[in-house]
Structures are given as structure tokens and as C-alpha cells.
Amino acid sequence: MARQIGDVIVDLQNISLRFGGVKALTDISFNVKEHEIRSIIGPNGAGKSSMLNVINGVYHPQEGQIFFKGALRKKMEPHEAAEQGIARTFQNIALFKGMTVLDNIMTGRNLKMKCNFLQHALYWGAAQKEEIAHRIKVEEVIEFLEIQDIRKTPVGRLPYGLQKRVELARALAAEPHILLLDEPMAGMNVEEKQDMCRFILDVNDHYGTTIVLIEHDMGVVMDISDRVVVLDYGKKIGDGVPEEVKNNPEVIKAYLGTSH
Amino acid sequence: MLYREAGQFKATYAEDSQIFPIRQDKIGFWVLMLVFGVAVPLLSNEYWLKAILIPVLIFSLAAIGLNILTGYAGQLSLGSAAFMAVGAFAAYNFILRIEGMPFLVALVLAGLTAALVGIMFGLPSLRIKGFYLAVATLAAQFFIVWALVKFPWFSNNSSSGVVTAQDVTILGYTFVTPESKYVLTFLIVALMALLAKNMVRSSTGRAWMAVRDMDVAAQVIGFRLMRTKLLAFAVSSFYCGVAGALYAYTYIGTVEPEGFNLDLSFKILFMIIIGGVGSIMGSFLGAAFIVLLPIFLDNVVPVIFGDSLGAGFVSNFQLIVFGGLIIFFLIVEPHGLARLWQIAKEKLRLWPFPH
Ligand SMILES: Nc1ncnc2c1ncn2[C@@H]1O[C@H](COP(=O)(O)OP(=O)(O)OP(=O)(O)O)[C@@H](O)[C@H]1O
Ligand SMILES: [Mg+2]
């Protein structure tokens, strides 16, 4: 592979997160390196989604520190994480239901758009130029993900698999440094999964985007990940390259103990 | 083959993102502009201009205001009439108290005043949603009307807050005739509708809709919740404020705070429900519908049922029809008349070959 794995870009240290009495994450440390595909696996309720929510500021952990590009990160709101180049998709699709595919993907570029509402109201000169420039970028994403023929469709009318793809498109439109994907292949058939894997690998390869992936399909995870971290009941029980993780006795126990 | 995009290929994204990408729509738009901008004032009688066309335009503007807040940004408001009141009384005071204040400047200042008040009452939206926010805007409705009555300064010490709008003069021309007032109203409303359409089809509108549809996802892709919601409150109130000022200056002439009561707020809400939530055109359709329906029923009901039923029956019948329509649209077609129109167009586009 052409891409070179770089330095640590996100470093999570001793993260603990509680919801009332529920301990979602307990003392978890791991890091993500630039350009790698880093997977988070674990049984249901292990705290995987919570982990992503901590990384992009949706949840604020009670304990622990997060270093981002080497600097200690203060309490960060989701929109600030977006400004730092972190994009994501959600486990339960979080598209804007009342908007078309095109508009949904256009929202992904909002941080790169500089015109204000008065310029938008006039839709003249700068505002129109900007809208078109970003439309061109969005069309590239649309072409890349092969969704040209559904551009103008309201997202609510799309089948599940395509909605997942549109959500990925919206995240990619932001040209993120780090892409957080929460079960992007859940509920897909084999063919759709293959497409999705291809897209993820392509993004990683062409744009060097760092990817943090949550996925239940072990075949996929072991295939495409550079490194894997394993959570169980909010605790880290394994971390390493796929081979190591596969042979880790604790991981095997956790997985045999559940339906996976 | 009357209404068809066949053969109209869009070579650039600029063409594809026009307001009216289909040529027939563009022609239709200009025909409408000519009809309502030129033919109507020339041909209509005074009754139509004063009692129907001017109020329809003004209510359309208020409905656009509410649609921006509720239809696009998803923040339910029951205070539209109060923001109209702010606009009306602000315009009155700017013209009264500032020597030589040009009317159009007063109109903009009235809108800005309403926008400021709107931002103030929009602050709770950062914490509360849905039903509770509606209750908060209800508080705005009652508080504003109360304040305008309570402090005589707003109405220049007139009894119970009644004020008479000054003459409307622009560049030395005074708008006295219904025709001239109609044309002025038409131009302002058409311009503001265009500006609103532009906002909702660009990044500003996408921010509003994103916050409406899923606020967590909106934040995660970088929209700022507070800024987006407050901008919706400001722009919405600006529109309602200008509508209120026009209501006083080109429509009824004499206004009192009580005239901008909760009933009127509900009327505007019904306009967007019937016309189409989240549609600029729907705002016009809804306003026209709600202004015309009572007039239509007044004329039709006695003919069908005879005079024997008495005057009370007609007004009750109106309420029943309104109630029924609101329920119908809420359940069957939440996107209102605008959506029905769109469906009709889609059918027409395929006609006569449905497949
Ligand atoms: N917002 C919240 N409020 C309360 N509890 C929460 C919240 N989010 C997560 N939890 C709890 O935290 C724990 C971890 O949940 P999380 O969604 O992170 O698991 P997960 O590994 O993503 O599971 P799955 O594979 O089912 O998606 C669960 O016990 C869950 O109930
Ligand atoms: Mg999860």
C-alpha cells in the first residue's frame, strides 16, 4: 500500500464516562495514528458508540484526557470537532429527512462556505459563485460513491443501504482529516457491504483520511483494519494488529460469551 | 407536451440550481408577476384591492416569516401576531418621532426592531423544544400586546393604544389610492419573498432545515445551534415585523395592540399548515386561501342553505370548515396546498404517458 501510517493524531488517556450510575466507559486509553484504519469492536453495549461520541465532543467524559494533534484538548463541542476536521456517520442513520440527497451532502460543506445570510438572500455574485464551487465538490463525492441517479431524491424515500451511503457522502463532503464510522455496514447485504468496504478503503487510500471504524462483521474488520481495539462492558480488553487481537484469549472469551 | 422538461438539458450547475429550472415555470412566474403587478391594479375594483388582495399579500409575508421559523427551522411559534405588532408600532414611532424619516427606512427599522425582540424571545429555544417552546412564544404573544397597551408612550398617549398610521410618502409621492397602495405592497412582498427563497435554497436554509430535522447531526457537521436558531428567529420576526407595518400603513390604517392578538397568530399558523409548511409559495397559497374562504362561504352558504338559517350559522359553519380543513391537512397532507400543486405538476410532467 502506498499510504504511510503517520504519527498519533488522537490520543485518548484514561477516559471514563458515566451516565448516572451506568459506567459506559472505564479508564480507557488508546490512540489513533494518522492515515490508519482503526477499528473498535466489542459486544453490544460495550461502549463503542460512546467512544466515538467522546472523540467528537457529543459526550464529555468525567475523567481522562484527549490529546488532539499533540495538544491537550479542552472540553470540545461537536461543531468545534467538525471545525478541526472530524466528520462522522451514526449507527442509527442521522440524515436530514426533509431534504434531498444533494442538500444533505451540501450541508457537509457548510464549514467551508463563508457567505453570510444577507449574501445568500441576494444570491448574487459571491454567494452564487460559492454555491456552485461547492456543488462541484459535492458532485465529485456523488460520483465517487456512485449515487448520481438519486441526487434529487428526498432521503426519506431511499432504502436503508443507500441512506447509509448518503450519510457517508455527507461526511466525506467535509473533506475530513478523521472520519468516524459507526457501523456503516450494519443491515447491509453482502454486495452492499463489499461496496462500502471498497469506498472506505478508497477514501483511506486516495485522500489519506484517518478512519475510526465500529463494525460487528469480524471478517470485514480483520480484513481492512490496521489496528483494532476491543471493548467489553466499557473496558478495554484488547488492542493491536488484527492477528494479535484474534489470538487474544480475553477477546475470544468475550466473544464466545455472547451471541457473536 | 405542455409542461415538460424534455429537451431542456442543464449544462451547468448554475442552471440546475435556479429557482425555476423548468422553462414553463419561469414563464409562469413572470406571467404571475405581470398579472399581479400590472393587470390586477389596473383592472381590480376598490373592494378587491382593499379587502382581498392587499391583505392576502400582507398575510403572505407574515406567513413567510412564520414558515422560516417553523417550516424551515422547525421552531414552533404562536407569537407571529405579536411580532407584527412590534413592526407596526415601531414604524409608527420611527415616523412620528424622527423628523423626515423616509417610509422605506422606517419599514426596515420596524423589521429590525421586531428582529431584536424576536431574538430575545427566541433565547428559550436554546433550551426547550416543541410544545414547551410554543408555550414560551405564547408568553411573547401576551407580553408584547400587554406592554403596548400598558405603556402609552408606544401609541403616543392615545387611549387604549389605538394609533392612526401616517401618510405613506416615498420621494414626494403620497400613496393614497388603493391601486398605489397595492402596488407598493406587492413590490415589497415580492422582493422579500424572493430574498426568502434565496435564503432557504442556500446554506442558510440548509442550516435551518438541518437543525429542524436532526439537531445533533447538524452540530456534528459543524452548524452552530444557537446561531442558527437565533438567526431563524431574527429573520422570521423581521418578516413578521414588516408585515405588521404594512398591515398598519397600506391595509387598515388604524391599529391597536389588541388587533394583533392570539387569534391572528393562529390564523397565520393555519395559513402555513394549509398552504404548506416549509414552502415559500405555500405561504401565498395559504394566505389567499384563508382570506378567501370566509368570503366564499359568506356568498355560497346562504345560496345553498337559504337565508332561513340566520347569520350566526354562517360564521359557525366557517369555523367548522376551517377546523375540518386543518385536520385534513395535518393528517393527510402536511405539506399543504403547495405539495398538492407539486403533485399535480409531476402528474402533468408525465402526462399523457404515465410510465
Ligand atoms: N445517552 C445515554 N444515556 C444513558 N446511557 C447511555 C447513553 N449512551 C449510551 N449509554 C449506555 O452506555 C453503554 C454503552 O453504550 P454504547 O451505545 O456506547 O454501546 P455500543 O458498544 O455502541 O453498543 P452497540 O453495539 O449496541 O451499538 C450502554 O449501557 C448504554 O445503555
Ligand atoms: Mg453503538
Side-chain angles (χ1 to χ4, degrees), chain A residues 52-53 56-58 77-84 86-90 93-99 102-104 106-124 127-136 138-139 151-152 155-156 167 170-171 173-174 176 180, chain B residues 5 10 12-19 21 68 71-74 115 191-228 230-232 234-236 238-239 277-279 334-335 339 342:
Chain A
L52 286 200
N53 282 326
N56 79 329
V58 177
E77 294 303 321
H79 70 86
E80 292 166 318
E83 283 158 16
Q84 306 265 344
I86 303 178
R88 77 173 284 185
T89 66
F90 292 81
I93 299 168
L95 286 171
F96 305 125
K97 287 277 170 341
M99 299 159 75
L102 182 62
D103 278 344
N104 264 280
M106 284 294 279
T107 61
R109 295 202 63 80
N110 78 87
L111 285 172
K112 298 195 160 26
M113 302 181 86
K114 297 287 169 255
C115 288
N116 62 35
F117 76 101
L118 288 172
Q119 290 170 300
H120 291 150
L122 295 173
Y123 206 80
W124 197 273
Q128 191 180 18
K129 233 185 261 163
E130 186 179 66
E131 182 85 7
I132 291 165
H134 289 280
R135 173 75 188 274
I136 290 168
V138 162
E139 287 293 334
R151 262 193 209 96
K152 298 282 173 81
V155 290
E167 206 189 1
R170 183 180 67 188
L180 314 176
Chain B
E5 56 191 322
K10 284 148 210 136
T12 65
Y13 297 131
E15 285 176 35
D16 191 43
S17 57
Q18 289 169 20
I19 297 185
I68 285 171
Y72 287 95
L191 174 72
M192 286 181 69
L194 179 70
L195 297 181
K197 181 74 193 174
N198 284 340
M199 272 186 273
V200 299
R201 72 193 174 117
S202 49
S203 189
T204 297
R206 288 192 293 265
W208 288 337
M209 291 185 275
V211 166
R212 171 194 70 189
D213 287 347
M214 189 155 291
D215 53 6
V216 175
Q219 275 178 297
V220 163
I221 60 174
F223 289 120
R224 287 155 185 257
L225 229 46
M226 180 166 92
R227 194 192 281 176
T228 306
L230 291 185
L231 180 64
V235 175
S236 163
F238 183 92
Y239 273 72
V277 174
S279 162
H335 295 288
R339 177 78 191 128
Q342 217 179 352

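Atom set for the values below is all heavy atoms of this structure, side chains included, hydrogens, waters and symmetry mates excluded. The chains referred to below are lettered A, B, ... by the order of the sequence lines, with proteins before strands, and numbering in each begins at 1. These numbers were taken from a predicted model, which means no experiment stands behind them.
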Check each atom of [X] against the heavy atoms of chain B and say whether the ones under 4.5 Å are side chain, backbone, both or neither.
{"X": "A/Leu111", "value": "side chain"}
{"X": "A/Arg109", "value": "neither"}
{"X": "A/Leu118", "value": "neither"}
{"X": "A/Asn56", "value": "side chain"}

- [ ] Answer yes or no: is there a side-chain heavy-atom contact under 4.5 Å between A/Glu131 and A/Tyr123?
- [x] yes
Contact summary for [X] and [Y], nearest pair of heavy atoms:
{"X": "B/Ser202", "Y": "A/His120", "result": "OG-CB, 3.1 Å"}
{"X": "A/Ala94", "Y": "B/Ala217", "result": "O-CB, 3.4 Å"}
{"X": "B/Gly278", "Y": "B/Tyr72", "result": "O-OH, 3.1 Å"}

- [ ] Run the numbers on A/Arg88 and A/Asn53 for side-chain hydrogen bond (donor to acceptor under 3.5 Å, both in side chains), then give the verdict.
- [x] CA-CA 10 Å; A/Arg88 77 173 284 185; A/Asn53 282 326; 2.4 Å; yes
[X] versus chain A, heavy atoms under 4.5 Å apart: side chain, backbone, both or neither?
{"X": "B/Val200", "value": "neither"}
{"X": "B/Arg212", "value": "side chain"}
{"X": "B/Ala196", "value": "neither"}
{"X": "B/Leu231", "value": "side chain"}

Give the member of [options] that has the highest number of heavy-atom pairs under 4.5 Å with chain B.
{"options": "A/Cys115, A/Pro78, A/Ala121", "result": "A/Ala121"}
{"options": "A/Glu130, A/Lys129, A/Met99, A/Lys97", "result": "A/Met99"}
{"options": "A/Met113, A/Glu167, A/Glu139", "result": "A/Glu139"}

Task: A/Phe96 six-ring centre to A/Arg170 NZ/CZ under 6.0 Å and within 45° of normal - done: yes
- [ ] Drop me the distance from A/His134's NE2 to A/Asn110's CG, to the nearest 0.5 angstrom.
- [x] 10.0 Å
Open item on the list: Under the side chain to side chain contact (heavy atoms under 4.5 Å, CB included) test against A/Phe117, which residue among B/Leu195, B/Asn198, B/Val235 passes?
Closed with: B/Val235
